[in-house]
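Just so we're on the same page: letters track the sequence lines, and every chain starts at 1.
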There are 2 protein chains.
Amino acid sequence: MRFHSPAIQYFHAVRRTGSIRAAARVLNVASSAVSRQILKLEQEVGAPLFERNARGLTLTTVGEMLARHVMNVLQDLDRFRSDVASLSGTWHGTVSIACIESLTESVLPDLIASHRGRARRVSFTTEVKGSSDVLESLSRGEADIGIAMALRHPPDLRQVALKRFRLGAVVAREHPLARRKTVTLEQCLAFPVINALPELSIYHLLQPLIAQLSETPEPAIQANSIDLMRELAARGVGVAFQTQLGIGRLSRDSQLVFLPLDNAGSPVWSDLGIYVRAERTLPAYTESFLQELVRELGERERRENPAYPQTP
Amino acid sequence: MRFHSPAIQYFHAVRRTGSIRAAARVLNVASSAVSRQILKLEQEVGAPLFERNARGLTLTTVGEMLARHVMNVLQDLDRFRSDVASLSGTWHGTVSIACIESLTESVLPDLIASHRGRARRVSFTTEVKGSSDVLESLSRGEADIGIAMALRHPPDLRQVALKRFRLGAVVAREHPLARRKTVTLEQCLAFPVINALPELSIYHLLQPLIAQLSETPEPAIQANSIDLMRELAARGVGVAFQTQLGIGRLSRDSQLVFLPLDNAGSPVWSDLGIYVRAERTLPAYTESFLQELVRELGERERRENPAYPQTP
DNA sequence: CATGTTGCTGCCGTTTCGGCAACGGCTATA
DNA sequence: TATAGCCGTTGCCGAAACGGCAGCAACATG
């Protein structure tokens with residue numbers, strides 16, 4: 001099923017790889033063929049699409065416009081293919097997910113496992129990265145679904161859902177704070193804390209609150225891995241901060257205790273956004289998984305804050 | 001600028017014309033070339049795209065799926081072209097509008113004239129038809145912007161805005177009712193009325209209300225043209241029903257009087273929807289006109305019902 | 001200065017495309 | 001019932017596009 005002119009596909013490969021020869025290797029054709037198609041495209045558009053650096057190619061402004069068009073075409077072709085395939089009964093395809101670390105402990109593995117139990121022919125690609133990298137992956141067409149902290153998102157992305165979770169302190173079962181129902185930031189800072197590095201969005205949630213306090217927190221551990229922070233907390237090294245999403249199993253095993261943060265009487269929210277490219281219709285199997293993801297996160301949000309009104 | 005494989009363009013032409021030879025004439029190529037591209041496409045998809053009837057070709061289910069994809073590709077190509085052109089400064093292109101008759105008296109001509117005053121290189125194509133035909137034109141990709149009565153719209157269309165206007169009686173200046181501020185349907189039915197035929201949506205708005213009344217209305221004139229109904233009312237033939245949108249100039253000249261309908265104390269609303277294809281990003285010049293259209297209709301809605309809360 | 005990589009360009013065989021003419025199937029009309 | 005007019009398809013052939021190979025200059029790296 002190769003309707004579209006080779007120029008489109010070659011351009012797409014060159015954009016992704018950043019080099020003509022690399023694209024040629026991926027495409028299993030001679031580099032000269034790729035080079036000629038790019039030159040032909042540039043002649044038809046009437047403007048250069050790439051800037052030729054010594055180390056490879058970079059998109060020009062016009063090139064980025066064409067890249068957007070080509071992405072729309074190829075992604076919609078995928079959708080068409082899946083539509084035709086669904087006529088024959090079987091769903092098959094790959095769902096590509098980019099998400100932040102908090103989802104990897106239970107939400108994502110649970111969902112993928114359960115989805116694959118029902119649709120065996122749908123496979124998954126997942127990539128864990130920072131929030132802004134998640135959005136960039138989506139924009140570049142390298143992922144279908146993105147889950148990130150709900151910051152401001154570029155206009156080419158659409159926020160499918162926004163779910164909010166309480167930020168809390170995570171401590172070992174034996175920790176002095178462990179018996180409380182909630183904690184304030186001040187109470188936590190009396191103990192050694194495990195701080196997030198600026199690459200994690202937790203840092204940007206807590207930093208303004210810490211800055212408001214009069215006392216300077218005692219020297220603590222800093223880390224850039226939710227996973228590591230959780231395991232450190234489990235070993236009683238200190239107080240970590242994150243949402244309840246990331247400590248599912250350890251919380252079940254009662255090794256860790258989650259204490260919602262209380263900031264002058266009000267909770268501290270961590271907003272999670274689910275994103276897709278705006279100019280795109282998802283294939284049926286991807287849309288199906290997306291719905292389940294939104295439902296699941298909505299359920300966890302509800303379970304966690306029964307009193308709080310639902311976010312859309 | 002012809003990046004896309006000829007098969008795509010040929011398929012599109014065949015779908016629009018419903019015949020291979022007709023498509024070949026439009027495309028200025030031999031019919032054999034068109035036939036071969038279609039056959040090649042069908043071989044690549046693995047299923048027939050058209051049913052060969054003696055009188056031409058009709059899309060199969062798979063064909064309709066491909067038509068959707070091809071439409072997305074070609075419309076997005078248009079957008080890309082306009083994006084590149086806007087880099088060079090000048091906007092140019094064609095905005096294609098499908099709308100119902102109520103807009104033709106003042107809204108549309110005013111807007112188009114004013115828009116062309118500012119963007120001389122943007123031209124317009126307008127087609128007046130019934131509400132359901134408007135939606136169908138949009139779905140088939142024959143129009144960019146559709147204005148129709150806000151019925152239920154197919155899922156491939158997006159309702160950009162919904163504006164509501166009061167339905168009212170339209171009478172000549174000398175008519176006995178002309179001095180009132182509002183009228184009830186019963187008061188109107190005491191006089192000869194000019195009824196809309198079922199093809200006009202006004203029929204479907206008024207019919208339920210008339211059915212509720214005990215008395216049978218006296219024999220009246222029936223028509224399927226807003227224009228004709230208005231002119232008949234201006235000549236004192238009877239009472240016509242429509243929104244204020246359609247009687248702009250005649251109302252200014254004081255030949256016609258618009259009397260909002262009062263149905264048991266509440267107004268009778270006529271909902272106007274503005275639609276575009278959902279799976280599409282509009283070219284900049286089209287988007288610009290669309291915004292003006294929404295703004296203008298919103299302003300008329302506000303002007304007409306200052307008390308009524310705005311519709312989104 | 002040597003080496004490796006980059007994109008680009010003649011040359012040439014292969015594939016694809018399009019035009020012409022003809023064929024069989026069908027409809028409408030005489 | 002015969003005929004004229006469309007319809008889509010096919011065989012043939014020249015033209016255009018495509019892709020592979022080898023070699024070029026430009027640049028970076030060591």
Side-chain angles (χ1 to χ4, degrees), chain A residues 1-64 66-67 70 73-74 77, chain B residues 1-64 66-67 70 73-74 77:
Chain A
M1 252 203 240
R2 35 185 303 281
F3 324 116
H4 293 291
S5 84
I8 297 291
Q9 329 231 27
Y10 290 8
F11 173 83
H12 188 233
V14 171
R15 181 192 68 87
R16 281 187 304 172
T17 60
S19 137
I20 288 188
R21 286 187 122 102
R25 280 191 294 272
V26 172
L27 296 166
N28 279 319
V29 292
S31 68
S32 58
V34 179
S35 173
R36 265 189 274 258
Q37 292 293 342
I38 299 298
L39 290 172
K40 189 187 140 215
L41 266 184
E42 290 181 324
Q43 191 181 350
E44 270 167 6
V45 174
L49 299 171
F50 293 97
E51 276 169 8
R52 271 73 171 177
N53 308 322
R55 219 74 198 119
L57 306 194
T58 320
L59 285 171
T60 63
T61 305
V62 180
E64 277 174 7
L66 182 60
V70 168
V73 169
L74 295 182
L77 176 63
Chain B
M1 250 203 242
R2 35 183 305 281
F3 332 113
H4 292 292
S5 89
I8 297 291
Q9 329 231 27
Y10 290 8
F11 173 84
H12 188 233
V14 171
R15 181 192 68 87
R16 280 187 306 172
T17 60
S19 137
I20 287 189
R21 286 188 121 101
R25 281 192 292 273
V26 172
L27 296 164
N28 279 318
V29 292
S31 66
S32 58
V34 178
S35 173
R36 265 190 274 258
Q37 292 292 343
I38 300 297
L39 290 172
K40 188 187 141 214
L41 266 185
E42 290 181 323
Q43 190 181 349
E44 270 167 7
V45 174
L49 299 171
F50 293 98
E51 276 168 9
R52 271 74 169 176
N53 307 322
R55 219 77 197 115
L57 307 193
T58 321
L59 285 171
T60 63
T61 305
V62 180
E64 278 174 6
L66 182 60
V70 167
V73 169
L74 294 181
L77 177 62

[X] side-chain proximity, nearest of [options]:
{"X": "A/Pro6", "options": "C/dC17, D/dG19, C/dG7", "result": "D/dG19"}
{"X": "B/Arg21", "options": "C/dG19, C/dC17, D/dC7", "result": "D/dC7"}
{"X": "A/Lys40", "options": "D/dC27, C/dC8, D/dC18", "result": "D/dC18"}

What is the separation between atom [atom1] on [X] and atom [atom2] on [N], rounded to the nearest whole Å?
{"X": "B/Arg52", "N": "D/dT10", "atom1": "CZ", "atom2": "C1'", "answer": "14 Å"}
{"X": "B/Tyr10", "N": "C/dG19", "atom1": "OH", "atom2": "C1'", "answer": "11 Å"}
{"X": "A/Gln37", "N": "C/dC8", "atom1": "CD", "atom2": "P", "answer": "13 Å"}
{"X": "A/Gln43", "N": "C/dC8", "atom1": "CD", "atom2": "P", "answer": "13 Å"}
{"X": "B/Asn53", "N": "D/dT9", "atom1": "CG", "atom2": "P", "answer": "12 Å"}
{"X": "B/Ile38", "N": "D/dC7", "atom1": "CD1", "atom2": "P", "answer": "15 Å"}
{"X": "A/Glu51", "N": "C/dT6", "atom1": "CD", "atom2": "C1'", "answer": "16 Å"}
{"X": "A/Phe3", "N": "C/dT16", "atom1": "CZ", "atom2": "P", "answer": "16 Å"}

**Complete:** Ranking B/Leu39 and A/Ala33 by the position along DNA chain D of their nearest nucleotide, the one closer to 5' is B/Leu39
**Message:** Quick check: on DNA chain D, is the nucleotide nearest A/Arg2 upstream (toward 5') of the one nearest B/Ser32, or the reverse? Name the residue that is more 5'.
**Reply:** B/Ser32
**Prompt:** Base, sugar-phosphate, or nothing for B/Leu57, non-hydrogen atoms under 4.0 angstrom?
**Reply:** sugar-phosphate
**Message:** Classify A/Phe50 by what it touches in the nucleic acid, base, sugar-phosphate, or nothing, heavy-atom distance under 4.0 Å.
**Reply:** nothing
**Request:** Show your working on side-chain contact (heavy atoms from CB on, under 4.5 Å) between B/Arg52 and B/Leu57 and close with a plain yes or no.
**Result:** CA-CA 5 Å; B/Arg52 271 74 169 176; B/Leu57 307 193; 3.7 Å; yes
**Asked** On DNA chain C, nearest-nucleotide positions of A/Glu42 versus A/Arg55: which is more 5'?
**Response** A/Arg55
Give a yes or no on whether a donor-acceptor pair under 3.5 Å exists between the nucleobase atoms of [N], that is its base, and the side chain of [X].
{"X": "B/Ser19", "N": "D/dC6", "value": "no"}
{"X": "B/Arg36", "N": "C/dG19", "value": "yes"}
{"X": "B/Ser31", "N": "D/dC7", "value": "no"}

Supply the atom-to-atom distance [X] [atom1] to [Y] [atom2], rounded to the nearest 0.5 angstrom.
{"X": "A/Leu49", "Y": "A/Glu44", "atom1": "CG", "atom2": "CD", "result": "10.5 Å"}
{"X": "B/Leu39", "Y": "B/Ser32", "atom1": "CG", "atom2": "OG", "result": "11.0 Å"}
{"X": "A/Ile38", "Y": "A/Arg15", "atom1": "CD1", "atom2": "CZ", "result": "11.5 Å"}

**Asked** Parallel, tilted or perpendicular: which fits the ring planes of B/Phe11 and B/Phe50, with parallel below 30° and perpendicular above 60°?
**Response** tilted
**Asked** Reckon B/Ser35 has a side-chain N or O less than 4.0 Å from the OP1 or OP2 of D/dT10?
**Response** no
